[in-house]
Amino acid sequence: MRTVTVVGASLSGLYAARELRAQGFDGRLVIVGDEPHRPYDRPPLSKEYLTGRADEDRLALTDAEESADLDAEWLLGVRARGLDARGRTVVLDGGRTVSTDGIVVATGASARRLSADHPSGGSPSGVHTLRTLDDARALRADLARGPRRVVVVGGGFIGAETASSCAALGHEVTVVEAAALPLVPQLGPEMAAVCAALHRRGGVGLVTGASVAALHGRAAVTAVALTDGRTLPADVVIVGIGATPNTAWLAGSALVLNDGVRCDDGCVTSLPQVVAVGDVARVGGTRAEHWSCAARQPRAAVANLLAGRTVESARSVPYFWSDQYGTRLRFAGRHRAGDTVRVVEGGVIDGAPGEDGLLARYERDGRTTAVLAVDRPRSFTRVRRELAHEADRIPA
């Protein structure tokens with residue numbers, strides 16, 4: 001290969017570029033990013049950056065020295081508009097094209113937005129998503145205007161972390177979750193209930209079983225009307241209801257799109273010269289929006305791209321973490337309905353994790369299939385290693 005183009009300049013795109021050089025690719029390397037910013041770390045946006053404990057310099061994933069070593073052409077603030085994979089051409093804004101021999105699709109995902117009714121047909125000021133640095137800048141500025149009544153729509157990880165940060169800043173916060181409990185798909189009902197109690201312990205209200213019916217306020221949001229008839233006063237609304245993979249630019253290409261770019265276990269698409277990594281990739285039937293996946297997948301994806309076929313698998317035991325209300329939740333493995341959940345360390349007090357945290361094992365057919373830890377890093381690491389060892393013994 002003489003030219004490889006990485007479409008997407010966030011974590012997975014940067015890691016793919018690093019792997020290309022580390023694995024011996026010395027040809028032309030082009031990195032296309034729709035944001036004007038160099039690669040930055042997204043997890044701190046909802047935590048340290050939002051609360052002012054980290055500035056933008058600490059978000060940077062690369063520096064001038066590494067950028068020079070990568071010897072890449074950076075096309076930032078430029079959106080990919082199409083892909084002629086058979087002709088090996090990436091089409092950019094304005095009709096510009098990049099001819100390439102290999103392509104890494106790393107375009108990530110975009111925050112879903114509310115479909116609630118509003119008189120203007122759009123959103124009033126004060127309504128935010130939190131996915132990009134520009135999103136975080138706007139939200140941080142809004143929160144700095146004084147005590148705010150904050151409604152967080154969505155009780156997933158982004159919603160919970162943002163609610164925690166807003167509460168730490170002294171704002172009045174309510175989380176609205178459409179399901180009966182937040183995080184049930186990830187943690188199961190037993191542990192989801194325990195983790196939901198962290199909101200109460202952090203002084204944050206939690207409304208479940210209701211979604212947003214309408215936003216009130218013309219120029220600026222003043223309240224959120226819910227489907228259960230309640231109305232919550234609001235100066236700031238933060239929408240954290242999931243993300244949609246950025247695949248629209250691939251419509252009409254030869255790639256198979258189904259909630260992401262469909263790949264085999266090695267991140268290889270239906271075309272061997274195209275691989276996909278990160279939030280946009282549906283690897284082996286699963287699309288995971290976790291930092292660890294975006295950081296891990298590029299090694300195998302690049303090896304397979306350079307080989308022209310799948311020679312290495314990117315699958316491993318899923319792992320994610322979340323910082324909420326002064327605690328760190330860590331989860332590894334695969335939870336399924338019907339798993340038995342046992343708290344084997346620490347305990348639950350008044351429905352919430354005790355002061356010394358807890359460790360819970362998920363078990364099925366006599367085997368541990370997943371583990372959840374709240375502030376028990378050493379024990380978690382031990383069980384996570386057990387899971388990885390067990391996964392290596394079982395054929396895919």
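Hydrophobic clustering (side-chain heavy atoms under 4.5 Å, transitive across Ile, Leu, Val, Met, Phe, Trp, Tyr) keeps Val261 apart from Val275.
For the pair Asp228 and Arg230, the salt-bridge criterion is met [side-chain N within less than 4.0 Å of a carboxylate O]. Salt bridge Arg58/Glu48: absent, no basic N to carboxylate O contact under 4.0 Å. Between Asp93 and Arg79, none of the side-chain N atoms (NZ, or NE/NH1/NH2) sits under 4.0 Å from a carboxylate O, so this pair counts as no salt bridge. We find that Asp259 and Arg287 are joined by a salt bridge, their nearest charged nitrogen and carboxylate oxygen being less than 4.0 Å apart. Look at Glu161 and Lys47 and you find a salt bridge, because one of the NZ, NE, NH1 or NH2 atoms lies within 4.0 Å of a carboxylate O, short of that distance.
In this model, a donor atom of one side chain and an acceptor atom of the other lie less than 3.5 Å apart for Ser379 and Glu345. Between the side chains of Tyr40 and Glu35, a donor-acceptor pair is found at a separation under 3.5 Å. A donor-acceptor contact closer than 3.5 angstrom links the side chains of Arg296 and Ser316. A donor and an acceptor atom, one from each side chain of Asp264 and Thr310, are located under 3.5 Å apart. In this model, a donor atom of one side chain and an acceptor atom of the other lie less than 3.5 Å apart for Asp142 and His128. Counting only N and O atoms by type, the side chains of Thr129 and Arg131 include no donor and acceptor under 3.5 Å apart. Using modelled atom types, one finds a donor on one side chain and an acceptor on the other under 3.5 Å when comparing Ser110 with Asn246. Looking at Thr100 and Arg88, their side chains never bring a donor and an acceptor atom within 3.5 Å of each other. Side-chain N/O atoms of Ser270 and Arg262 include no donor and acceptor closer than 3.5 Å.
Taking 4.5 Å as the limit, some side-chain heavy atom of Trp249 sits within range of a side-chain heavy atom of Thr107. Using a 4.5 Å heavy-atom cutoff, the side chains of Leu133 and Leu45 are in contact. Within the 4.5 Å cutoff, no side-chain heavy atoms of Arg42 are placed close to those of Leu59. Taking 4.5 Å as the limit, every side-chain heavy atom of Leu29 sits out of range of all side-chain heavy atoms of Thr3. A heavy-atom distance below 4.5 Å is not found between the side chains of Asp41 and Tyr49. Side-chain contact between Val236 and Arg149 is absent, with no heavy atoms from C-beta onward closer than 4.5 Å. Proximity of Asp69 to Arg21: side-chain heavy atoms (C-beta onward) are nowhere separated by under 4.5 Å. Between Arg334 and Thr369, every side-chain heavy-atom pair lies at or beyond the 4.5 Å cut-off.
Looking at every heavy atom in both residues, Val105 comes nearest to Leu250 through CG1-CD1, 4.1 Å. What you find for Ala220 and Pro124 is that their closest heavy atoms are C-CB, 3.8 Å. Looking at every heavy atom in both residues, Arg201 comes nearest to Ala352 through NH1-CB, 4.1 Å.
Using the six-membered ring where Trp is involved, His290 and Phe157 have ring planes that are perpendicular, over 60° apart on the 30 and 60° scheme.
To the nearest 0.5 angstrom, Thr269 atom OG1 is 4.5 Å from Leu255 atom CG. Separating the CZ atom in Arg28 from the CG atom in Asp101 is a distance of 10.0 Å, to the nearest 0.5 Å. One finds the OG atom of Ser165 at 10.0 Å from the NE2 atom of His171 (value rounded to the nearest 0.5 Å). For the atom pair CG of Leu61 and OG of Ser10, the computed distance is 7.0 Å after rounding to the nearest 0.5 Å. The OG atom of Ser67 sits 8.0 Å away from atom CD1 of Ile31, with the distance rounded to the nearest 0.5 Å. Here the straight-line distance linking atom CD of Glu190 with atom CG of Leu372 works out to 11.0 Å at 0.5 Å rounding.
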Side chain to side chain contact (heavy atoms under 4.5 Å, CB included) between Leu20 and Leu306, worked out: CA-CA 8 Å; Leu20 281 159; Leu306 296 178; 4.1 Å; yes
Check against side chain to side chain contact (heavy atoms under 4.5 Å, CB included), Val224 and Val237: CA-CA 8 Å; Val224 178; Val237 175; 3.5 Å; yes
Candidate pair Arg336 and Tyr362, rule side chain to side chain contact (heavy atoms under 4.5 Å, CB included), full reasoning: CA-CA 9 Å; Arg336 294 180 188 171; Tyr362 294 68; over 6 Å; no
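The only member of Leu75, Ile103, Thr89 that meets side-chain contact (heavy atoms from CB on, under 4.5 Å) when paired with Val98 is Leu75. Checking each of Val7, Leu271, Val91, Val90 against Leu83 for a side-chain contact (heavy atoms from CB on, under 4.5 Å) leaves exactly one that passes, namely Val90.
Counting non-hydrogen atoms of neighbouring residues, nucleotides and ligands closer than 6.0 angstrom, the CZ atom of Arg299 reaches no more than 12 such neighbours. Within a 6.0 Å radius of CZ in Arg113, other residues, nucleotides and ligands contribute 12 heavy atoms or fewer. Other residues, nucleotides and ligands place no more than 12 heavy atoms under 6.0 Å from the CZ atom of Arg2. Sparse packing is recorded around CG of Asp26, with 12 or fewer heavy atoms of other residues, nucleotides or ligands lying under 6.0 Å away. Surrounding CZ of Arg96 are at most 12 heavy atoms belonging to other residues, nucleotides or ligands under 6.0 Å away.
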